[in-house]
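What follows is one structure encoded as structure tokens, with my remarks underneath.
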Amino acid sequence: MTEHTKTDGLPGLDAPGLPQVMERARPRNERMNSAKVECNACPVLCQISEGRAGACDRYANHGGTLVRLDPVVVLRRSLDAGEAALVPFAGRSAEVAASDTPAPVPAWSGDLLHSEQVFVTGVGSSTTYPDYKPAPFIVGSQQQGVDMVTVVTEGIFSYCSFKVKIDTDRFLGAEQANVRCKGEVVGHVTTAEYGSQMLSLGGVHHLTGGSKKEGRITAEMMQALGNKQAVEFTIDGGSQIVIQAGRAPIVNGVAEQRMRVGCGSAAVGIFARQFFGLVDEVVVVDDHITGVLTEHQAGRCLDMKPSGIAMRGRKSTPGRYFQVANPGNGWGGTDIAEPLSILDPWDPAVAWPGLRLLMTSTTGEHASWYVLDAQLQPVETEMPAEVRRIVDRIGENCEPSLSTVLFLAGAGGSLRAGVTENPVLLTRSIKQALVNVTVGGAPAYVWPGGGITVMADVLRMPDNSFGTVPTPAIVAPIEFSMRRSDYEALGGHMGQIRGLQEVLQRGAWHNDGAPQSLQWLTLPEANPWPLGQPPLLG
């Protein structure tokens, strides 16, 4: 079976903190080397030699015992030190303590615990595989006098993907175009939204339905993207792009700056009153809906004189034009570098010499000022300061361009079996809003319809929340919180409920009594308290 091939120090054993014992080593069989232990935390079943880690780099053989190399992440509403802290469980062994390179940190003390400010997340908690086991942490606590239960685990997700929102007007690729990472197809361009291009990355077909290389690279890409790292992609027939959650996308080597204020029609309407009296015509160039001020209802309501302008493209409603150019990286997300190319000759019966024309993009990034000469030809001249201020205001109203990465996953049978022996009751309880679902303590949107399909913003999750197993699949945290009475009603594993203090002192219910470690993190300000959501305490 697969194991880590490093011969130097193991990750986690050489680092601050303590290894976490999560499983009893499976009894050795006759064909298995006596110096190895078998890890059954995922279907790969690595046989791991002493001093080495399994293929996922998450579990290792430490003195003949299977240990988890990552700490369990625990959220608190506040930390005195103001920083994340690594705190060992009580009962640390001398052998492991001797391997710590820094000075030992103080052991956690129950006297310091404010139970209503502590939440155990699934990050580092281990899995329910081989699926029949109760979740590693089933935590009993109290919130405002209400008895609560939180079921905490890591899921092994094959059915999962990332939906990526990229705030830019740039043409990234045609809808349905393949998105590649290291040459392998890992997703596709999906439906554009207002001011943003959208990608769908990962998913079961790329993880399991293609070649081994495709599955491996898809898993690596998803782990990196979910852990807030930068990942480079190429889009067939389109752009090269670097995506990192919470950062500006880099398109063809250039970092994006602005998300458009609106489509061309919206920009015309928003700033029509400010343009009135300073211009005779405004064209806001947009790949989707190009706006023309004097024809637009906003210009007509201001009694602006028709200009005689003649636009290319397909006219929709007055002042709104589709398909004035092809998609691209030029003005307003089109392929044009010369804005006059979308104009036909002016109507000589309506236009006049001296007519003042502003052409701008939806972000104000591109803008030119023209005056019609005696032959009704637009001549570019210096833009008046009053008009420049309005163009600058368009740019001011454009939000910064960002990449948003949303984790989307289906919580299937094995996850639900870790909560209850009758999994459908968990699904029903979630749909009845009796259970609050979080992902690493971050709020999750549960999609309507069948099953438990959740979506969460990776920026609201703890760092390094995602791992992989070489099946291939993604490993990610998930927590189910509810009233104790509701947990009992859905047939939960009541015999495995342990108080918060015992959990923090001893770790997962199925450990060997050897040390584990906790990582304390401050709850992000943007996140609601997981145990305080209605109707849990309503």
Side-chain angles (χ1 to χ4, degrees), residues 168-171 252 254 257-258 260-272 274-296 298-300 304-395 398:
T168 179
D169 273 346
R170 307 283 180 223
F171 175 70
N252 296 329
V254 179
Q257 300 295 323
R258 300 175 182 175
R260 68 180 183 178
V261 65
C263 69
S265 172
V268 160
I270 292 169
F271 298 100
Q274 298 176 51
F275 283 129
F276 182 70
L278 300 177
V279 300
D280 298 310
E281 185 63 278
V282 177
V283 177
V284 182
V285 183
D286 180 22
D287 172 36
H288 301 119
I289 307 174
T290 293
V292 179
L293 178 56
T294 60
E295 297 179 3
H296 194 277
R300 295 169 67 181
M304 292 191 70
K305 180 180 178 182
S307 69
I309 196 170
M311 296 291 301
R312 297 180 181 177
R314 179 164 65 88
K315 188 172 184 178
S316 170
T317 55
R320 302 169 74 249
Y321 289 83
F322 300 158
Q323 302 166 4
V324 299
N326 295 317
N329 294 320
W331 280 56
T334 70
D335 62 350
I336 64 170
E338 170 50 65
L340 296 178
S341 64
I342 65 173
L343 301 185
D344 283 328
W346 295 70
D347 183 349
V350 180
W352 63 93
L355 183 149
R356 301 163 298 174
L357 167 67
L358 171 69
M359 299 192 75
T360 181
S361 66
T362 50
T363 62
E365 181 181 359
H366 298 97
S368 296
W369 178 257
Y370 303 92
V371 176
L372 297 192
D373 63 13
Q375 287 73 44
L376 302 182
Q377 296 296 313
V379 178
E380 186 170 5
T381 60
E382 183 177 355
M383 188 179 300
E386 297 88 346
V387 177
R388 171 59 63 185
R389 279 196 291 269
I390 303 173
V391 172
D392 290 344
R393 182 167 292 175
I394 293 175
C398 295

Hey, could you give me the [atom1]/[atom2] distance between [X] and [Y], rounded to the nearest 0.5 Å?
X: Ser265; Y: Asp286; atom1: OG; atom2: CG; result: 9.5 Å
X: Phe322; Y: Asp287; atom1: CZ; atom2: CG; result: 11.5 Å
X: Arg170; Y: Thr168; atom1: CZ; atom2: OG1; result: 5.5 Å
X: Asp344; Y: Arg312; atom1: CG; atom2: CZ; result: 4.5 Å
X: Tyr321; Y: Lys315; atom1: OH; atom2: NZ; result: 4.0 Å
X: Leu376; Y: Ile309; atom1: CG; atom2: CD1; result: 12.0 Å

Please examine the side chains of [Y] and [X], heavy atoms only from C-beta on, and report whether any two atoms are closer than 4.5 Å.
X: Arg260; Y: His288; value: yes
X: Thr290; Y: Val283; value: yes
X: Ile394; Y: Phe271; value: yes
X: Ser307; Y: Leu355; value: yes
X: Trp369; Y: Thr360; value: no
X: Val379; Y: Tyr370; value: no
X: Ile390; Y: Gln274; value: yes
X: Ile342; Y: Met359; value: yes

Has Glu380 got a side-chain atom pairing as donor or acceptor with Ser368's backbone, closer than 3.5 angstrom?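 Not a single qualifying donor-acceptor pair exists.
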Any donor-acceptor pair under 3.5 Å from Glu281 side chain to Leu293 backbone: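 It does hold such a pair.
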Between the side chains of Arg258 and Asp169, is the shortest nitrogen-to-carboxylate-oxygen separation below 4.0 Å, so that they form an ion pair? no
Looking at Lys305 and Glu295, is any side-chain nitrogen of the basic one under 4.0 Å from a carboxylate oxygen of the acidic one? no
Nearest non-hydrogen partners of [X] and [Y], listed with the distance:
X: Phe171; Y: Pro327; value: CD1-CB, 3.3 Å
X: Ala337; Y: Trp331; value: O-NE1, 3.6 Å
X: Asp335; Y: Ala325; value: OD1-CB, 3.5 Å
X: Ser361; Y: Gly332; value: CB-N, 3.7 Å
X: Trp352; Y: Val350; value: CE3-O, 3.3 Å

Test: salt bridge (charged side-chain N to carboxylate O under 4.0 Å, His left out). Region: residues 320-329. Which pairs qualify, not counting sequence neighbours? none
Show the numbers, then the answer: is there a side chain to side chain contact (heavy atoms under 4.5 Å, CB included) between Val285 and Thr334? CA-CA 8 Å; Val285 183; Thr334 70; 4.2 Å; yes
Heavy-atom count around Glu338 CD within 6.0 Å, excluding the residue itself: above 12? yes
Would you list the pairs meeting ring pair (Phe, Tyr, Trp, His ring centres under 6.0 Å) in which at least one residue belongs to residues 372-394, sequence neighbours left out? none
Holding to side-chain hydrogen bond (donor to acceptor under 3.5 Å, both in side chains), I want the full list of residues that pass it with Asp280, two or more places apart in sequence or in another chain. Arg356
Verify side chain to side chain contact (heavy atoms under 4.5 Å, CB included) between Leu372 and Gln377, making sure each step is shown before the conclusion. CA-CA 5 Å; Leu372 297 192; Gln377 296 296 313; over 6 Å; no
As a quick check of understanding, evaluate side chain to side chain contact (heavy atoms under 4.5 Å, CB included) for Val279 and Val387, giving each step before the final call. CA-CA 8 Å; Val279 300; Val387 177; 4.1 Å; yes
Tell me, with the steps shown, if Val391 and Leu358 meet side chain to side chain contact (heavy atoms under 4.5 Å, CB included). CA-CA 9 Å; Val391 172; Leu358 171 69; 4.0 Å; yes
